[in-house]
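Only one structure is covered here, and it is reproduced in the block below.
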There are 2 protein chains.
Amino acid sequence: MVSGFPPPLLGRLSFLLGKLHLLTLEAEDEGLAQLDVGVKQHAALSVLVGEGPMTQQELGRRMGVDRTTVVGVVDALDERELVERRRSPADRRSNLLTVTASGHETEQRGRRLVADAEERVLDGLDGSDRDRLRELLGRALGGG
Amino acid sequence: MVSGFPPPLLGRLSFLLGKLHLLTLEAEDEGLAQLDVGVKQHAALSVLVGEGPMTQQELGRRMGVDRTTVVGVVDALDERELVERRRSPADRRSNLLTVTASGHETEQRGRRLVADAEERVLDGLDGSDRDRLRELLGRALGGG
DNA sequence: TATTGTTATACTCTATAACTATA
DNA sequence: TATAGTTATAGAGTATAACAATA
């Protein structure tokens, strides 16, 4: 598939990133569809699995989104019984989000599906170039 | 600048691309602010300068957006007298978009501002790594 | 008073449907 | 009938403001 976009756009970093971002999101969503979770939901699940129980506020901070946005994400995960909202005993204003057994399973399967989807998106690059792209993106973001 | 995002997110391609995309858009918009044009407007201007006069439909096709979206972009450029809508003599349904002298000037200045903004975003990478990142992104889009 | 989760609301971006004037 | 540009509208996504419970 030839991109077909004119040089003035292909030389623009925001355009390259935007297009590839869109393609990647679509591929990941398509892959996760069989688990009935979206990219955002699975990302939240992964953070909770990787970092342990935390409040909605804290989840939002780590994902870089507002706490009002977190409500909808957790609603979706809660409905599917992938996470539970437990009232924190220490501070009863906050919910301690905990991943259920089914949630752990979904997170693990999803991780594989996401990885497969990303490989399809990066079809035009060989293995070492894929690694290099990830490494460069991470370094550009500052964390490495 | 330490990213502060947890590993489960930093390993996700869509997350890396999404965050860097947002940072890049903001930087480009900030740079272009002194010319009073947005990224989308300047991108359209660049396509018109690079490819010559074309209809709004054609501009939309090349930019990968709907013709209804093009209306607003051209409105903004038209108001600032950077492009003109000329009724095509061959087919009077369509507008032949032509860049004004002021439009050419704005495009050229903007190109520099965009380049500077992108360098700031890619501050964490040296020159050859920046080139490599662009090359990999372009190849991922072109081949995949 | 300040904070957590929530809801209502608004804003941005983009697309679909429908209208007009041409073809 | 079909197409280019336009307008009205709707949808996704996210944020700000306000409220109840709790600190």
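All values reported here derive from a predicted model rather than from experimental measurement. Basis for what follows: all heavy atoms, side chains included, without hydrogens, waters or symmetry-related copies. Each chain gets a letter, A, B and so on, in the order its sequence line appears, and its residues count up from 1.
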key: A:R130 bridged to A:E118 by N-O distance under 4.0 Å   = no
ask   = Do the charged groups of A:D123 and A:R120 touch, with an N to O distance under 4.0 Å?
value = no
message = D:dA21, OP1 or OP2 - any side-chain N/O from A:R92 closer than 4.0 Å?
response = no
query = Would one find more than 12 heavy atoms of other residues, nucleotides or ligands at under 6.0 Å from atom CZ of B:R112?
reply = no
key: Atom CD of B:E30: over 12 foreign heavy atoms under 6.0 Å   = no
message = Please compare A:A90 and A:G64 by the position of their nearest nucleotide in DNA chain D and report the one closer to 5'.
response = A:G64
query = What pairs with A:D75 under salt bridge (Lys or Arg N to Asp or Glu O under 4.0 Å), at least two apart in sequence or on another chain?
reply = A:R85
inquiry  = If the condition is salt bridge (Lys or Arg N to Asp or Glu O under 4.0 Å), which residues does A:R67 pass it with, not counting sequence neighbours?
reply    = none
Side-chain donor/acceptor of A:E58 to backbone N/O of A:T55, under 3.5 Å = no
query = Closest heavy-atom contact between B:V70 and B:G60?
reply = CG2-CA, 3.5 Å
Once rounded to the nearest 0.5 Å, what's the spacing between atom [atom1] of [X] and atom [atom2] of [Y]?
X: B:E28; Y: A:L13; atom1: CD; atom2: CG; answer: 6.5 Å
X: B:R134; Y: B:R139; atom1: CZ; atom2: CZ; answer: 15.5 Å
X: A:D131; Y: A:E135; atom1: CG; atom2: CD; answer: 9.5 Å

inquiry  = I need the residues from residues 31-42 of chain A with at least one non-hydrogen atom less than 4.0 Å from DNA chain D; give them sorted by number, or say none.
reply    = A:K40
Distance, rounded to the nearest Å, where A:E26 contributes CD and D:dG13 contributes P = 12 Å
task = Taking the side chain as every heavy atom from C-beta outward, state whether B:V65 and B:K40 have any pair of such atoms under 4.5 Å apart.
result = yes
task = Walking along DNA chain C from 5' to 3', note the first and the last nucleotide with an atom under 4.0 Å from a heavy atom of chain A, and give both.
result = C:dA2 to C:dT7
ask   = If you measure only the distance, is there a donor-acceptor pair under 3.5 Å linking the side chains of A:N95 and A:R87?
value = yes
note = Nucleotide by nucleotide, nucleotides 3-11 of chain D touches protein heavy atoms under 4.0 Å in the pattern (B base, S sugar-phosphate only, - none) BBBBB----
query = Bend angle of the helix from C:dT1-D:dA23 to C:dA23-D:dT1 from five-pair axes at both ends, rounded to 10°?
reply = 20°
